[in-house]
Amino acid sequence: KWIRKRRHKHMEAKTEKKGNIIDAFVGGARNGFKIGTNSMVPNIIFGFAVISILNLTGLMEIIGKVFTPIMGIFGLPGVAATAWMAIFVSMGGAAGVIAGLFTAGQMTSAQVAIMLPALLLSGAQVQFMGRMLGTAELDTKYYPHMFTIATVNGIIAMLIMNYFIV
């Protein structure tokens with residue numbers, strides 16, 4: 001009897017009031033909106049701003065010339081290196097950079113299509129290392145391996161997109 005009562009009390013403590021499906025949906029939508037407006041949108045706007053600043057200062061032209069040989073392997077202009085660099089820091093920021101390059105006429109829609117799989121496969125490595133791997137208490141000696149695997153995945157995706165898809 002004592003065990004049954006103890007189990008019953010334990011179950012009562014974990015029982016929460018269940019709302020209806022509409023309340024759950026609305027609550028989830030509110031949380032999603034907060035995440036979007038507080039995290040994603042500022043990163044995308046920052047990406048647009050970076051591209052504008054680089055274009056206005058003339059640095060984008062220099063970056064384009066320096067990285068054209070490397071990015072050409074993937075069928076991309078040299079300026080796409082700015083998006084590739086941003087990918088490792090922030091997926092939202094990199095999306096903003098890619099969108100900024102596209103709207104400035106510096107990348108075509110086919111080139112955007114080449115970059116997007118790399119964004120998804122290699123994106124936000126710096127953020128993930130701090131937020132997820134640090135929280136999970138993963139030994140830091142594995143970080144370079146994970147970073148390398150994600151980077152290689154992104155490179156392979158861009159090659160496949162360039163030579164077989166686009």
Side-chain angles (χ1 to χ4, degrees), residues 25-136 138 140-166:
F25 177 82
V26 170
R30 281 189 184 124
N31 289 338
F33 183 76
K34 286 178 189 174
I35 290 169
T37 55
N38 294 332
S39 180
M40 294 170 57
V41 172
N43 285 331
I44 292 169
I45 292 170
F46 179 73
F48 269 109
V50 167
I51 294 305
S52 295
I53 292 167
L54 291 173
N55 280 326
L56 290 172
T57 60
L59 288 174
M60 187 63 85
E61 189 175 327
I62 296 168
I63 291 169
K65 286 179 183 175
V66 170
F67 288 99
T68 292
I70 297 166
M71 299 309 288
I73 295 167
F74 307 106
L76 297 168
V79 294
T82 56
W84 181 247
M85 291 175 217
I87 281 173
F88 296 105
V89 179
S90 166
M91 290 179 77
V97 170
I98 293 168
L101 292 170
F102 178 74
T103 57
Q106 295 171 310
M107 284 180 70
T108 65
S109 57
Q111 291 167 335
V112 170
I114 291 169
M115 288 292 302
L116 289 180
L119 170 67
L120 297 173
L121 292 169
S122 302
Q125 292 299 305
V126 174
Q127 286 181 347
F128 293 155
M129 284 183 191
R131 289 182 185 169
M132 294 192 313
L133 301 179
T135 304
L138 180 70
T140 55
K141 71 180 182 182
Y142 298 114
Y143 286 18
H145 306 341
M146 298 176 80
F147 187 83
T148 301
I149 290 168
T151 303
V152 169
N153 283 340
I155 290 169
I156 291 170
M158 288 192 300
L159 290 170
I160 290 171
M161 289 298 291
N162 183 37
Y163 292 108
F164 299 109
I165 308 298
V166 178

Under the rule for side-chain contact (heavy atoms from CB on, under 4.5 Å), what residues qualify as partners of Phe67, not counting sequence neighbours?
Ile63, Ile70, Met71, Ala81, Met85
Does OH in Tyr163 sit with more than 12 non-hydrogen atoms of other residues, nucleotides or ligands closer than 6.0 Å?
yes
Any side-chain heavy-atom pair from Pro77 and Gln106 closer than 4.5 angstrom?
no
Is any side-chain heavy atom of Val152 closer than 4.5 Å to one of Thr148?
yes
Could you pull out all residues at least two apart from Phe164 that satisfy side-chain contact (heavy atoms from CB on, under 4.5 Å)?
Ile160
Within the structure provided, determine whether Leu120 and Met91 are in side-chain contact (heavy-atom separation under 4.5 Å).
yes
With rounding to the nearest 0.5 Å, note down the distance linking CG in Leu54 to CD in Glu61.
12.5 Å
Over all atoms of both residues, closest heavy-atom pair of Ala113 and Met161
O-CE, 3.2 Å
Please find the pair of heavy atoms, one from Ala83 and one from Met115, that lie closest to each other, and give the distance.
CB-CE, 3.7 Å
Just do the side chain to side chain contact (heavy atoms under 4.5 Å, CB included) check on Val112 and Leu116 with the steps written out, would you?
CA-CA 6 Å; Val112 170; Leu116 289 180; 4.1 Å; yes
Do Leu159 and Ile73 have side-chain heavy atoms sitting under 4.5 Å apart?
yes
Smallest separation among heavy atoms of Pro117 and Ile114, with atom names:
CD-O, 3.5 Å
Any heavy-atom pair between the side chains of Met60 and Leu101 that's under 4.5 Å?
yes
Met146 vs Ile149, side chain to side chain contact (heavy atoms under 4.5 Å, CB included): CA-CA, chis, key distance, verdict
CA-CA 5 Å; Met146 298 176 80; Ile149 290 168; 5.8 Å; no
Mind running side chain to side chain contact (heavy atoms under 4.5 Å, CB included) on Trp84 and Thr151 for me, showing each step along the way?
CA-CA 10 Å; Trp84 181 247; Thr151 303; 4.0 Å; yes
Where the side chain of Ser122 meets the backbone of Leu119, is there a donor-acceptor pair that is under 3.5 Å apart?
no
Salt bridge (charged side-chain N to carboxylate O under 4.0 Å, His left out) pairs touching residues 140-152, sequence neighbours excluded, are none
Please report the interatomic distance OG1(Thr108) to CG(Leu76), rounded to the nearest 0.5 Å.
8.5 Å
All heavy atoms of Gly75 vs all of Asn162, minimum pair found to be N-ND2, 3.3 Å
